[in-house]
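This report refers to the structure that appears directly beneath it.
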Protein chains: 2
Amino acid sequence: MGVSLKDVALRAGVSVKTVSNVVNNYPHVTPGTRERVQRAIDELGYRPNLTARHLRKGRTGIIALAIPELGNPYFAELAGAVVDAAAGHDYTVLLDHTDGLREKELLVSQGFRAQVIDGLILSPIELETEDLLARTEGVPLVLLGEREYDVPCDHIAIDNVAAARTAVRHLIDLGRRRIAFLGARHESARQPAHLRLRGWRQELTAAGLEPSETLVAATHGYGRRDGAAAMAALLDRGERPDAVFAYNDLVALGAMRELSVRGLRVPEDVAVVGFDDIEEGSFAAVSLTTIAPDKQAIARLAVDCVVERLAGAATTPARRVRPGHRLVVRESTVGRRT
Amino acid sequence: MGVSLKDVALRAGVSVKTVSNVVNNYPHVTPGTRERVQRAIDELGYRPNLTARHLRKGRTGIIALAIPELGNPYFAELAGAVVDAAAGHDYTVLLDHTDGLREKELLVSQGFRAQVIDGLILSPIELETEDLLARTEGVPLVLLGEREYDVPCDHIAIDNVAAARTAVRHLIDLGRRRIAFLGARHESARQPAHLRLRGWRQELTAAGLEPSETLVAATHGYGRRDGAAAMAALLDRGERPDAVFAYNDLVALGAMRELSVRGLRVPEDVAVVGFDDIEEGSFAAVSLTTIAPDKQAIARLAVDCVVERLAGAATTPARRVRPGHRLVVRESTVGRRT
DNA sequence: ATGAAAGCGCTAACAC
DNA sequence: GTGTTAGCGCTTTCAT
């Protein structure tokens, strides 16, 4: 099938070791030998077999990235950034998606395919602390996102509470008083939106406003459909907020669509703030104000963590890294500039 | 480091072969032996080393998927479908993105990382036929998308000309006469939008309308920004179409945003049809009429092709598969239903 | 500076 | 039914 080191060695009239030295740029090789070997390599079209190399070295050069779903542009954009960041360290990214289901998240975290990967970057939705503690696989795990765990794993996430407060503050500054939160979960036990919801409560309270639970709308997932449904439910039960802070941009965009269908204007009747800064939001008919996490930084830091652990920092205590974020003000809160 | 077959064999008091048989569910194993081995496996927490297995079998269980960019929801959704389809065959997907650049597409097609993968699914934008012919790597390659090549590779793509004609037909049926095309390339040499542009020409001609080149707007890429810019350019040079057929949904959405900014109504003033059926289109303030390729089918067929080639159909002539597509009519052409 | 040989963990012949 | 053995292609001591 393929051309092996041995074939090259035979052709060049040297030993495999010498060929290996040339391939790996080992310094102590006579220029003459090197050239002869190189010619044999070129003539035979030799390409090193990475699988064999990996078997030998115990590393595969592959990092797995497990996200809820590629259909969510935030994760798609993040995945792209991770692929780029990994390439910078000569790592390739293996992609898994969990659909935000605990079962799949468990599978991934417990080393499904762990033999092929050197590290794992996981963005969990429903996974629980005990699931993570039960982990036996040895590959470094880096956590991404809002969920908080008391486990010895590096964790990269922006300050969600602060970010949520900034968003709500912006709405309050605009004179809004009935500010709804879209994207809580029905079952309070597992509340992935925990921190953003907390930020919403804190900022309202700080402003002397009552964080009324009737203005919290639950969703099943975090897609456009969920946002539209939650907005509809809120309006159907007679609540009429003058602003909406959504768990993420997709929920916000779904809500805006529902508002538009019902003849309510954004931002005149209802101002909307999202979270994630997906490109789609900036091109919506009414562009979306949002919290922009620094995706490049998140991706870079996550890959860095994996690489560092691999480089031997296995014993260093788990790190908690908070990349930056900023509020991006667009039409959904301040209207179209003239 | 890890627990190996040998360790298990030692513990269970059998040979490695027997352990291997148990692990691989080889039928001829005494129940008693099997149980003893299984216990040893559980106690030691043995997990097979896939790298070694792959080295031995010459297969890695990994398929690479190379798409232009994850930031485009169409490709993100498609990638998700491919991951699922691959999982059905016990394959994992390695993701690469090419940014639609010939250089990166070349790299991928010529076997960058080819040692780690069993097959490659590539969606090219700028790659040329000669680039593909120069390919030396042996792993099966399946092509995706609109570009046409005269090379011996399986190719999965909907009938782009027919799909484009359907879209334009729809606009004509609605009484539109000045139908623009958004998304041609500036350089005519490389015209990825070739087929859709041809469909636009054919259908206009068939309807007795002149396909005026002044109604063709070029873009640099295929994002929202490009669509907005192309729409702006068209309007700026005094053209006032009553309908727009865009290369894809992102271009269409960008165009709609630009129309909205300029106070033109969709569909009253300008009807818009996109291509891809990304979820975003159905939740736009004015939902987007579009051509919906059967993404699940595309993904499934692509993976099937790779798997079949791997299973030994290496000699079978290249297949040209055309999954289905359909026109999804929404508000951007027929307005909001009452 | 280069060669010989061992072995990473696994599977597949072939023996018993 | 189970054990023995030989590699898959590579890197890595240890010699020379």
Side-chain angles (χ1 to χ4, degrees), chain A residues 1-38 40-41 44-62 111 113-118 137-139, chain B residues 1-41 44-62 90 111 113-118 137-139:
Chain A
M1 167 150 139
V3 181
S4 78
L5 269 191
K6 206 163 113 188
D7 300 325
V8 178
L10 229 58
R11 174 100 173 200
V14 297
S15 80
V16 278
K17 167 64 172 150
T18 304
V19 181
S20 175
N21 284 342
V22 172
V23 172
N24 294 294
N25 281 314
Y26 189 68
H28 306 294
V29 184
T30 311
T33 312
R34 178 179 298 275
E35 200 201 330
R36 197 145 35 89
V37 171
Q38 189 58 53
I41 288 178
L44 264 38
Y46 168 77
R47 307 287 247 85
N49 179 322
L50 299 188
T51 307
R53 179 177 291 176
H54 294 151
L55 171 59
R56 189 61 236 236
K57 308 234 278 200
R59 295 273 174 84
T60 65
I62 297 177
R113 284 166 197 154
Q115 309 295 337
V116 205
I117 64 175
D118 291 343
E137 286 303 321
V139 309
Chain B
M1 168 153 142
V3 181
S4 78
L5 268 192
K6 206 162 112 186
D7 300 325
V8 178
L10 228 58
R11 173 102 173 199
V14 297
S15 78
V16 278
K17 168 62 174 155
T18 303
V19 181
S20 175
N21 284 342
V22 171
V23 171
N24 293 292
N25 280 315
Y26 189 68
H28 306 296
V29 184
T30 310
T33 313
R34 179 180 297 275
E35 200 201 331
R36 197 145 35 91
V37 170
Q38 190 57 54
R39 187 162 42 233
I41 289 178
L44 264 39
Y46 168 77
R47 306 290 247 84
N49 180 323
L50 299 188
T51 307
R53 180 178 290 176
H54 294 152
L55 171 58
R56 184 62 234 232
K57 308 234 281 198
R59 297 272 174 84
T60 65
I62 298 176
D90 288 323
R113 284 165 197 154
Q115 310 294 338
V116 204
I117 64 176
D118 291 342
E137 287 302 322
V139 309

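We use all heavy atoms of the structure for the numbers below, so side chains are in, but hydrogens, waters and symmetry mates are not. Chain letters run A, B, ... following the sequence lines, proteins first and then strands; every chain starts at 1.
Rounded to whole angstrom, the span from the CZ atom of A:R47 across to the P atom of D:dC10 amounts to 12 Å. Computed from coordinates, the A:Y26 OH to D:dT11 C1' distance equals 12 Å when rounded to whole Å. Rounded to a whole Å, the CG atom of B:L10 is 12 Å from the P atom of D:dT4. In this entry the distance linking CG of B:L5 with P of C:dG7 reads 17 Å, nearest Å. For B:D7 and C:dC8, the CG to C1' distance is 13 Å, given to the nearest whole Å. Going from atom CG of A:L44 over to atom P of D:dG9 covers 13 Å, rounded to whole Å. Atom P of nucleotide D:dT12 and atom CZ of A:R59 are separated by 12 Å, given to the nearest angstrom. Protein atom NE2 of A:H28 is 16 Å distant from nucleotide atom C1' of D:dT16, rounded to whole Å.
Considering only heavy atoms from C-beta on, B:L50 comes within 4.5 Å of B:R53 through its side chain.
Remark: A:N24 is in phosphate contact with D:dT11, judged by side-chain N or O atoms under 4.0 Å from OP1 or OP2. Put simply, A:S4 has no side-chain N or O that comes within less than 4.0 Å of OP1 or OP2 on D:dG9.
Listed nucleotides: C:dC10, D:dG3, C:dA4. Nearest to the side chain of B:Y46: C:dC10. Candidate nucleotides C:dT2, D:dG1, D:dC10 were compared by shortest atom distance to the side chain of A:N49, and D:dC10 ranks first.
To the nearest 0.5 Å, the span separating OG1 on A:T18 from CZ on A:R36 amounts to 9.0 Å. Residue A:N21 holds its CG atom at 10.5 Å from OG1 of A:T33, rounded to the nearest 0.5 Å.
Across B:N49 and A:L55, no two heavy atoms sit closer than the pair ND2-CD1, 4.3 Å. In this structure, B:V37 and B:V8 approach most closely via the heavy-atom pair O-CG1, 4.2 Å. Across all non-hydrogen atoms, the minimal contact from B:R11 to B:L44 is NH1-CD1, 3.3 Å.
Sequence order on DNA chain C of the closest nucleotides to A:G13 and A:A52 puts A:G13 first from the 5' end. Across the interface with DNA chain D, nearest-nucleotide mapping of B:T18 and B:L55 shows B:T18 to be the residue nearer the 5′ end.
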Short N/O separations, protein against nucleotides 12-16 of chain C, under 3.5 angstrom:
none

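Residue contacts shown for A:T51 are absent, as no nucleic acid heavy atom lies under 4.0 Å away.
With hydrogens and angles ignored, the 3.5 Å screen pairs a side-chain donor or acceptor of A:S4 with a backbone N or O of A:K6.
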